[in-house]
Amino acid sequence: MNSAVERLPDGPYDAVWASPGRVNLIGEHTDYNDGFVLPFALPHSTVVGARRLDRPEWTVTSEQTGETVTFGPQDKVDGWASYVAGVVWVLREAGHDVPGAALTVASDVPFGAGLSSSAALECAVMAVLLDLAGIDLPMALRPRLAQRAENEYVGAPTGVMDQSASTLCREGHALFLDCRSLATEQVPFDLAAQGLAVLVVDSRAPHAHVSGEYAARRRSCEEAAKILDVPALRDIDPAGLPAALERLDDEVMRKRVRHVVTEDQRVLDTVEALRAGDARAIGPLMTASHASMRDDYEITVPQVDTVVTAALAAGAHGARMTGGGFGGCVLALVDADRCGEVEAAVRGAFAEAGFTPPDAFVVTPAEGTRKVG
Ligand code: GLA
């Protein structure tokens, strides 16, 4: 597939910005618990070209489908264009004078694969509109605004990870983000130097009940925090976990809490290993994260479990599902010269199980939101 920049129809545009999709190396369902995450940006991105209009109206055209949606300041938009209208809404809510614009969108971020195609769209639209308006809003302040657009306008109760990754990631680095303070550290993640690679396998499992299950997990965590009398599950550390679990009657809730608390610690351990320059050491942490998502958070499906099992059997150092769950992609940490073998093993396991064949590609950490025209 051509890159998103190549796919964007010819302008003229007053500005063109690109924002990437992401994978999360580790730290799943921790962001809305005020915890830690460690995503990096994909080379795949969404590109938005904008031309200023002299009236308070926005049109957005998808290069892929040719569809154009038009909306005014008071309109409630549904479907894919709601991510665009949500950004216009949130910028206006924050008091910014957003000029009307004709937007054209092209993307090579796979849709529905858990790679944050919606955050990429939100972040690129925000960047291009701020540029048209001449507003120099610091990058660090943008993820919360984009998250608010998704939570309050689109109506999806997601955390702040995806918009942070799409906005703030740096090439060659993973983004260590404290989702409470929003403090960040760019952690060098140069796998090639250590003879390693990250293979992304899209399980292509049909997503079902995703948003309902996501909201239920979030609710369960918030109820647990209330019972445990802490602001968020982030405030329970591994040493305090056994005592916290004893105070919860509900077995399902205990499992959810155990995932979040142990997952936060795995992020911290992963960052330590990367700071020490030992990328191989993160393999077991990734695999433990997957087991926790499978057994305690119960958000995996047979296809992603099969990818993980087959990849590990073929020699991957670690493997885990990435993203919200119920399908989507698996990351496998593999010796760079064994990617083909691992991919072949996964394909074989899928054929045997009768699953739709997966997609697979090797990724290196790319740059976050940037101006491309
Ligand atoms: C989705 C959400 C994120 C995060 C992940 C799970 O990608 O958008 O905020 O909660 O799921 O880690």
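Counting starts at 1 for both ligands and their atoms, following the listed order. This one's a predicted model, so the numbers in the text were calculated from it and none came from an experiment.
Contacts with ligand 1 closer than 4.0 Å are made by side-chain heavy atoms of Arg22 only, the backbone lying farther away.
With hydrogens left out, the protein atom closest to atom 3 (C) of ligand 1 is Asp31 OD2, 3.3 Å, a heavy atom. Atom 10 (O) of ligand 1 has its closest protein heavy atom at Tyr214 OH, 2.6 Å. Closest protein heavy atom to atom 8 (O) of ligand 1: Asp162 OD2, 2.6 Å. When only non-hydrogen protein atoms are considered, atom 11 (O) of ligand 1 lies nearest to Gly324 CA, 3.3 Å. Protein heavy atom closest to atom 5 (C) of ligand 1, with residue, atom name and distance, is Met161 CE, 3.8 Å.
Between His29 and Tyr297, the distance from one ring center to the other falls under 6.0 angstrom.
For the pair Glu28 and ligand 1, the shortest N or O to N or O distance falls below 3.5 Å. Polar contact with ligand 1: present for Gly159 (N/O pair, distance under 3.5 Å). At under 3.5 Å, a nitrogen or oxygen of His29, whether backbone or side chain, sits near a nitrogen or oxygen of ligand 1.
Closest approach of Ala120 and Ser166 over heavy atoms only: CA-OG, 3.6 Å. The nearest pair of heavy atoms linking Val60 to Phe71 is CG1-CE2, 4.4 Å.
Near Thr158, meaning under 4.0 Å from one of its heavy atoms, ligand 1 places the atoms 2 (C), 8 (O), 9 (O). Less than 4.0 angstrom separates some heavy atom of Tyr32 from each of these atoms of ligand 1: 10 (O).
Here Asp31 does not pair with Arg180 in a salt bridge; the nearest charged N to carboxylate O distance is not below 4.0 Å. With respect to the salt-bridge test (charged N to carboxylate O, under 4.0 angstrom), the residues Arg320 and Glu263 qualify. Salt-bridge annotation for Arg51 and Asp14: absent, with no side-chain N of the basic residue lying under 4.0 Å from a carboxylate O of the acidic one.
Residues His317 and Asp335 have side chains that bring a donor and an acceptor to within less than 3.5 angstrom of each other.
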Mind running ring-ring contact (aromatic ring centres under 6.0 Å, His included) on Phe176 and Phe189 for me, showing each step along the way? CA-CA 11 Å; Phe176 176 35; Phe189 191 50; over 10 Å; no

